[in-house]
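Beneath this line is the structure, given in structure tokens, with notes to follow.
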Protein chains: 2
Amino acid sequence: MTVAKRPVALNMTDLAERAGVSIATVSRALSGASGVSEETRRKIRMLADDLSYAVSPDAARLARGSSGRVAVVTPDVAHWFYASMLDGIVTGLRGTDLDVLLYEVKEERERRRFFEELPARRQVDALILVALPISDDERRRLDLMGVTVVMAGGTLGDHPHVRIDDVEAGRQATAQLVRAGHTRIAMINSTGTWSLEYAAPSARLKGFTTVLEEAGLPASMVVNRHWGSHGGVEGMSELLSLPEPPTGVVAFSDEVAFGALRTLRRAGVAVPHTMSVVGIDDHHLADMFDLTTVRQPVTEQGLVAGQLVHGILQEGEPAAPHVVLPTQVVVRGTTGPLPSLPGGPN
Amino acid sequence: MTVAKRPVALNMTDLAERAGVSIATVSRALSGASGVSEETRRKIRMLADDLSYAVSPDAARLARGSSGRVAVVTPDVAHWFYASMLDGIVTGLRGTDLDVLLYEVKEERERRRFFEELPARRQVDALILVALPISDDERRRLDLMGVTVVMAGGTLGDHPHVRIDDVEAGRQATAQLVRAGHTRIAMINSTGTWSLEYAAPSARLKGFTTVLEEAGLPASMVVNRHWGSHGGVEGMSELLSLPEPPTGVVAFSDEVAFGALRTLRRAGVAVPHTMSVVGIDDHHLADMFDLTTVRQPVTEQGLVAGQLVHGILQEGEPAAPHVVLPTQVVVRGTTGPLPSLPGGPN
DNA sequence: TGGGCTCACGTAAGCGTTTACGAAACGAGA
DNA sequence: TCTCGTTTCGTAAACGCTTACGTGAGCCCA
């Protein structure tokens, strides 16, 4: 006597027997395919319900040739930005019959390993890369998978993508300070987190410098730090230690801005009267810091990415493969008019 | 002439042909099973590498009977707590050959749908529930899946779980204020987010009241709000409007505390001199708010959950199925000694 | 009344693996 | 040299579905 591996699950053959029809009919009835009378279909469906039978996705996919799964690859699940993207993707895919397989590639090592072993290989119908900068070599490996690839929060060759215009975001943030009359404006930017160049920092910097030029303001101070809150703490410290500190600061991200604000609070510098700060993101805690910022629709980007994948899988090439979502200034309390006495309190 | 659905992928039979051996040998060689000479194995592995062939997981799993996947079910991917849990789980599972299938059940509707349709059904070997309160009925449905179920951040019948001691967390937070000499201590708690009772709020409340009793302090004010930052904003407003406001507040979570701090800042109430605040979590931005809090190891809980699942799948029943991780006070700037002039500034 | 159509359903051939079982080859002990 | 045990490998039967194709049954219209 052999013991079944999965004692509980009954299969389609069992169901067919009890329903008194062939397995093919059951398959058709349950999958919604045509070729079954409505009555038979109903009968089978009810029976399946009663016996709480579910079609084995693995077997179905083996037979059909497509997996019904999409892989999401992200550098850091825990981080607000990626988590929000993921959230958007998942909701964008809800309702479709696509499941999400999650891969995190935190460090350079893991990322190399991911592209070498391609664990998602032959497992998914599509791949969504979340703001993951990628080398040409890796792109080639990816194509080897032979699946749809979509980039969310960046670009990737000709592959479909969703993103924001980072140059514009940088412009908007900077313009907000220029408009308020500031003339000594600095930026706490963020590069070098990845060994591969991530596009956002340089794009935002470009927006920053462009606006300053257009306003006829002198080329200004830019410090580079890690793009988390601690980067902001350090960056602002450095700016404060300058002989002639700026009166306004553009932060690469809201988290950087949070850190900057903490430094300012500890240093007793009045915000926005002595120092104005503007971030980029509209982090869900930005309101708690009263932070003026440039909102980028993160969840929506994920959502669009999900829909893009769904569309492509369903009907081939997408209508609009490259989506750029708008950003927009959200004015709160950390920006204000030029201080009357530069450097002095209040 | 028929067109192949997946033109690229070659299969094990192809590989076997080119290697001049049978498909069984290839399978054994690639899976690491015994019964192949080392030389043959090496040869086959090299060939597979050259042709960049990878075993089809679906087919392998169909044949083997286990999916090699684990489902993670969480109420909100974007939220710091769940995202951190997820992060821990993913890292805990890294290195094993288990993939993560992600399911988000945000609203009551979706959650009901999840348990009715069980999309993860027959797709995974195990299920990790992330702080998801569950009814008895749903638990029964779950057992019907016939897979290992692990709870992270809570309990679930006899199923293995990882969590913290929420009563203790509540105690520690409250004790921190009592120790500082506060006598009018309030709590901004959080209930009713789910239709099902979530255990943490009542447990933390219990810790709160117990400490007050032990200290001989009068039963104190407790307001209930949503457990996000806006709940904290509202909760603190309500407390401030009291005829005799407290001098110390325990917040259900750090996010609630963030909101509370914002209200205090806007109201011009000095922290910690006029009002002390302590949170629970040690959110990664807690430091930016200078928030005193009770740290709970979130990522670690996820990590343990992942390891638990891996262990169970590998060797059956786990050695220690119920893990309780310690919490610990982190003192920062939002708590201080009892104000000399209650209610007055500074 | 019969020829052709449509519809509902069954038969069986895959899909790409794993694995029980058996066969061949080889070495060793007697 | 014969026999027995190992080791290495091949054969073929699953695994649980989907789907191309075939077969009757029923229907319509000439």
Side-chain angles (χ1 to χ4, degrees), chain A residues 1-45 48 51 53-69 97 121-123 125 146, chain B residues 1-45 48 51 53-69 97 121-123 125 146:
Chain A
M1 170 185 155
T2 41
V3 177
K5 284 173 193 172
R6 292 209 158 198
V8 282
L10 74 176
N11 58 26
M12 201 172 262
T13 312
D14 298 336
L15 227 221
E17 247 168 48
R18 311 204 193 194
V21 298
S22 81
I23 171 179
T25 303
V26 174
S27 173
R28 283 189 274 253
L30 259 27
S31 74
S34 66
V36 208
S37 71
E38 269 319 307
E39 200 191 318
T40 314
R41 189 191 300 273
R42 203 166 27 242
K43 217 177 55 186
I44 295 181
R45 284 229 166 114
L51 275 53
Y53 162 83
V55 174
S56 155
D58 278 329
R61 282 150 186 179
L62 215 212
R64 185 161 22 215
S66 78
S67 73
R69 266 172 252 129
D97 49 358
R121 193 112 174 253
R122 303 186 83 180
Q123 281 231 73
D125 296 334
Chain B
M1 170 185 158
T2 42
V3 177
K5 284 173 191 171
R6 294 210 155 195
V8 281
L10 73 178
N11 57 28
M12 202 172 261
T13 312
D14 298 337
L15 227 224
E17 245 169 49
R18 310 203 193 195
V21 297
S22 81
I23 172 180
T25 303
V26 173
S27 173
R28 284 190 275 254
L30 259 27
S31 74
S34 66
V36 207
S37 71
E38 270 318 306
E39 201 192 318
T40 315
R41 190 192 299 274
R42 203 167 27 243
K43 218 177 56 187
I44 295 181
R45 284 229 165 113
L51 274 53
Y53 162 82
V55 174
S56 155
D58 278 329
R61 282 150 187 179
L62 216 212
R64 184 160 23 212
S66 79
S67 73
R69 266 173 250 128
D97 48 358
R121 193 113 174 252
R122 304 186 80 182
Q123 282 232 72
D125 297 333

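Order of the sequence lines fixes the chain letters, A, B, ..., with proteins taken first and strands second; residue numbering starts at 1 for each chain.
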Atom pairs, protein N/O to nucleotides 20-26 of chain D N/O, distance under 3.5 Å:
none

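Atom CG in B:D14 sits about 13 Å away from atom C1' in C:dC15, given to the nearest Å. The nearest whole Å value for the distance from the CG atom in B:L62 to the C1' atom in C:dG16 is 9 Å. Atom CE in A:M12 sits roughly 11 Å away from atom P in D:dG16 (whole-Å rounding). Atom CD in B:Q123 sits about 14 Å away from atom C1' in D:dG16, given to the nearest Å. Rounded to whole Å, atom P of C:dC15 lies 18 Å from atom CG of A:D58. Summarising the geometry, the separation between CG on A:L10 and P on D:dC15 is reported as 14 Å, rounded to the nearest angstrom.
With rounding to the nearest 0.5 angstrom, the OG atom of A:S56 is 8.5 Å from the CD atom of B:Q123.
For A:E39, the side-chain contact (heavy atoms from CB on, under 4.5 Å) partners at least two apart in sequence or on another chain are A:S37, A:R42. Partners of A:S22 according to the side-chain contact (heavy atoms from CB on, under 4.5 Å) rule, which considers only residues two or more places apart in sequence or in another chain, are A:A24, A:T25. Residues satisfying the salt bridge (charged side-chain N to carboxylate O under 4.0 Å, His left out) test with B:R28, not counting sequence neighbours, are none. By the side-chain hydrogen bond (donor to acceptor under 3.5 Å, both in side chains) test, A:R41 is found to be paired with A:E38, residues two or more places apart in sequence or in another chain being considered. Residues passing the side-chain contact (heavy atoms from CB on, under 4.5 Å) test with A:L15 are A:V26, A:L30, A:I44, A:L47, A:A48, A:L51, A:Y53, sequence neighbours excluded.
Base contact: A:S27 has a heavy atom under 4.0 Å from a base atom.
The side chain of B:R122 contributes an N or O atom lying less than 4.0 Å from OP1 or OP2 of D:dC17. Contact annotation: A:T25 side-chain N/O to C:dG10 OP1/OP2 distance is under 4.0 Å. Side-chain N/O atoms of B:Y53 include none lying less than 4.0 angstrom from OP1 or OP2 on C:dG16.
Comparing atom distances between the A:A60 side chain and each of D:dC17, C:dT18, C:dT17 picks out D:dC17 as nearest. Of the candidate nucleotides C:dC15, C:dC9, C:dT17, C:dT17 has the atom nearest to the side chain of B:A63.
Within the helix from C:dT1-D:dA30 to C:dA30-D:dT1, the inter-axis angle between the opening and closing five-pair segments is 40°, rounded to 10°.
In terms of modelled atom types and a separation under 3.5 Å, the side chain of B:R45 and the main chain of B:A29 share a donor-acceptor contact.
Here the closest heavy-atom approach between residue B:V55 and residue B:A60 is recorded as CG1-CB, 4.1 Å. Smallest separation of non-hydrogen atoms from B:D97 and B:R61: O-NH2, 4.4 Å. Considering all non-hydrogen atoms of both residues, A:D58 and B:S67 come closest at OD2-CB, 4.1 Å. Closest approach of A:R122 to B:P57, counting heavy atoms only: O-CD, 3.6 Å.
Sorted by residue number, the list of members of residues 29-44 of chain B with any non-hydrogen atom under 4.0 Å from DNA chain C is empty. Looking at residues 16-23 of chain A, you'll see A:V21, A:S22 sit with a heavy atom under 4.0 Å from some atom of DNA chain C.
Residue pairs that meet the side chain to side chain donor-acceptor pair (under 3.5 Å) test with at least one member in residues 9-20 of chain A, sequence neighbours left out, do not exist here.
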